[in-house]
Number of protein chains: 2
Amino acid sequence: MNEGPNIAQIASLIGDPARANMLAALTGGRALTATELAAIGGITLQTASSHLSKLEAGGLLAQRKQGRHRYFALADEAAARLIETMMGFASSRGHLRYRPGPKDPALRKARVCYDHLAGDFGVRMLDSFVCHGEIVSDGENLSVTDKGRAQLDAFGIDLSSLASNRRPLCKSCLDWSERRSHLAGTLGKALLGHMFDQGWARRSEESRAVIFTPEGERKFLLQFPIDP
Amino acid sequence: MNEGPNIAQIASLIGDPARANMLAALTGGRALTATELAAIGGITLQTASSHLSKLEAGGLLAQRKQGRHRYFALADEAAARLIETMMGFASSRGHLRYRPGPKDPALRKARVCYDHLAGDFGVRMLDSFVCHGEIVSDGENLSVTDKGRAQLDAFGIDLSSLASNRRPLCKSCLDWSERRSHLAGTLGKALLGHMFDQGWARRSEESRAVIFTPEGERKFLLQFPIDP
DNA sequence: ACGATGCTTCGATAGCGATCGAAGTATGGA
DNA sequence: TCCATACTTCGATCGCTATCGAAGCATCGT
């Protein structure tokens, strides 16, 4: 017994409702201040501060001081994937906590996951890349083919500028609403950023939803078709 | 706030050290009795019983009565994947709890994950399938090609008999020691079972390790080669 | 320099849950 | 039938931690 990594430690960090709410909110990719996170968790600032320092010590969060504000964000993409994985499992077991509202369908359609596109549109985009042979997958890691490189170049994304030693270019990330994978990594981030730049879509102010313009949606479906 | 699945509930289930130890032990795929699990968790039978009923209510465990024994096992493969994912994250953050010993290298080399092969050998096997075009991956799910079907047939595994409506044939599962994917699903199970049947390897009695015979290891490396 | 804002630290409280002893239920064997 | 084994349920205890008030520290604006 007692072999291997200590999962109880991080699980208990996520296991507190206030902390879980904060983490879920940070899955939206935006860095939030301690005051904002306290409101999200439904607790006072003092309590939130205690929680946040524990989460940081546990390697789930990273903080950045900026003036008198302190911004908190998920430590990295692996942390975001862990949270999304747990969401997927929880929803598959019926551990739901829905407060059904108009935002829900929008979230399922398209939302931000850390810094890339998730939801129905995110899954479709990766499907399109794969079924056209622009991205291939060897197990967990994805890689871009020459055909994909040319396609992305035409779309306006320069792969060579995305190279990073700290973070993989492509990574698959399990989608909790679709239960399939979407594209993460620096390429996933760049693609979402490009869509924002092109005016195809914008972020919702109060949730993780990504709202496409009618024109943007048309162009998205044209750019990432799915053939049988 | 408060949207989406309730991750705090399952996270707090895993967050208790005694429960985490039990779950980690069950990742070995064997069903264990309440008494055995109590010993693993380092608690009395009464406490263990309370824990086990909570884990079952949370959808993580399934129990099977057999005479006066009650066998507990992970509910399904998704539960096993969740635990392995958490192990991967925990070890990447240095949340280790090693009791270094001779078993450790054996576990990294080859071990059981639920009912399929994990560790260095598990990752190698999937790599071999993929780099020979016998299995292709479209995002999360893997699928066997015609070439792969023939290869497996020659190896002695009949794919058509593995079809199941309850569980996918192929699934990728993240390996906590290698941080790469290995092959899960009914095919992963069948492959490991076949190796046991052929006498290539056997299970360790006291841990999750899979111990290959020298002859079995030679045949394994020959059967699942990796070319550049 | 001074107050205001954002956040952390300290200290005390309160409540939840892990734990175990004791008693109760079910199954198997003699 | 009677005892032993395997497990669950009940009840009480105890420790841990989430929580918040109050005070302290840092930064910004003026």
Side-chain angles (χ1 to χ4, degrees), chain A residues 1-2 6-26 30-58 60-75 95 97, chain B residues 1-2 6-26 30-73 75 95 97:
Chain A
M1 76 191 85
N2 286 359
N6 189 350
I7 62 173
Q9 195 171 340
I10 50 160
S12 71
L13 282 175
I14 308 175
D16 178 81
R19 286 195 290 255
N21 281 335
M22 297 183 188
L23 289 169
L26 289 171
R30 284 196 176 115
L32 299 173
T33 65
T35 310
E36 291 168 326
L37 288 167
I40 288 168
I43 50 182
T44 63
L45 184 56
Q46 302 95 298
T47 310
S49 177
S50 160
H51 283 318
L52 291 169
S53 64
K54 283 171 191 171
L55 288 172
E56 192 188 3
L60 281 159
L61 292 189
Q63 67 165 294
R64 206 181 55 199
K65 286 184 69 169
Q66 203 165 87
R68 55 181 159 182
H69 292 278
R70 222 162 257 222
Y71 284 95
F72 290 87
L74 292 179
H95 290 297
R97 194 184 36 163
Chain B
M1 77 189 88
N2 285 359
N6 188 353
I7 62 173
Q9 195 172 337
I10 49 161
S12 69
L13 282 175
I14 308 176
D16 178 80
R19 286 195 290 256
N21 281 335
M22 296 183 186
L23 289 169
L26 289 171
R30 284 195 175 115
L32 299 173
T33 66
T35 310
E36 290 168 326
L37 288 166
I40 287 168
I43 49 181
T44 62
L45 184 56
Q46 302 96 297
T47 310
S49 178
S50 159
H51 284 318
L52 291 169
S53 65
K54 283 172 190 169
L55 288 172
E56 192 187 4
L60 282 159
L61 293 189
Q63 68 165 293
R64 207 181 54 198
K65 286 184 67 168
Q66 204 166 84
R68 54 180 160 180
H69 292 279
R70 224 163 253 221
Y71 284 94
F72 290 87
H95 290 298
R97 193 185 37 163

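So you know, we letter chains A, B, ... as the sequences are listed, proteins then strands, and number each from 1. When reading the values below, keep in mind they use all heavy atoms of this one structure, side chains included, and skip hydrogens, waters and symmetry mates.
Using a 4.0 Å heavy-atom cutoff across all strands shown, B/Thr33 reaches sugar-phosphate atoms only and no base atom.
Each of A/Leu23, A/Leu60, A/Leu55 was checked for a side-chain contact (heavy atoms from CB on, under 4.5 Å) with A/Leu74, and the lone residue meeting it is A/Leu23. When each of A/Asp16, A/Leu37, A/Leu32 is tested with A/Met22 by the rule side-chain contact (heavy atoms from CB on, under 4.5 Å), just one qualifies, namely A/Leu37.
A/Arg70 places its CZ atom 12 Å from the C1' atom of C/dT9, with the value rounded to the nearest Å. Here the P atom of nucleotide C/dT27 and the OH atom of B/Tyr71 are 16 Å apart, to the nearest Å. We find that CG of B/Leu13 is positioned 11 Å from P of C/dG17, with the value rounded to whole Å. What separates CE of B/Met22 from C1' of D/dC7 is a distance of 13 Å, to the nearest Å. Rounded to whole Å, the distance from CG on B/Leu52 to C1' on C/dA18 is 14 Å. One can place CG of B/Asn21 at 16 Å from C1' of C/dT19, the figure rounded to the nearest angstrom. What separates CD1 of A/Ile43 from P of D/dT17 is a distance of 16 Å, to the nearest Å. Rounded to an integer number of Å, the gap from B/Glu56 CD to D/dT9 P is 11 Å.
Minimum interatomic distance between B/Ala31 and B/Tyr71 (heavy atoms only, all atoms of both residues): O-CD2, 3.7 Å.
Neither OP1 nor OP2 of D/dC7 sits under 4.0 Å from any side-chain N or O of B/Lys65. Applying the 4.0 Å criterion to OP1 and OP2 of D/dA18, one finds that A/Arg19 has a side-chain N or O inside that range. Taking 4.0 angstrom as the limit, B/Thr47 places a side-chain polar atom (N or O) nearer than this to OP1 or OP2 of C/dC20. Considering only side-chain N and O atoms, B/His69 lies nowhere under 4.0 angstrom from the phosphate OP1 or OP2 of C/dG28. In this structure, B/Ser49 reaches the D/dT8 phosphate: one of its side-chain N or O atoms is under 4.0 Å from OP1 or OP2. Applying the 4.0 Å criterion to OP1 and OP2 of C/dA18, one finds that B/Lys54 has a side-chain N or O inside that range.
For the pair B/Arg19 (side chain) and A/Ala8 (backbone), a donor-acceptor distance under 3.5 Å is absent.
Mapped onto DNA chain D by nearest heavy atom, A/Gln46 and B/Ala48 fall at different nucleotides, with B/Ala48 at the one closer to the 5' end.
The NZ atom of B/Lys54 sits 11.0 Å away from atom CG of B/Leu52, with the distance rounded to the nearest 0.5 Å.
Of all nucleotides listed (C/dT8, D/dT8, C/dC20), D/dT8 comes nearest to the side chain of B/Leu45. With C/dC20, C/dA4, D/dC7 as the choices, the nucleotide that has an atom nearest any side-chain atom of A/Arg68 turns out to be C/dA4.
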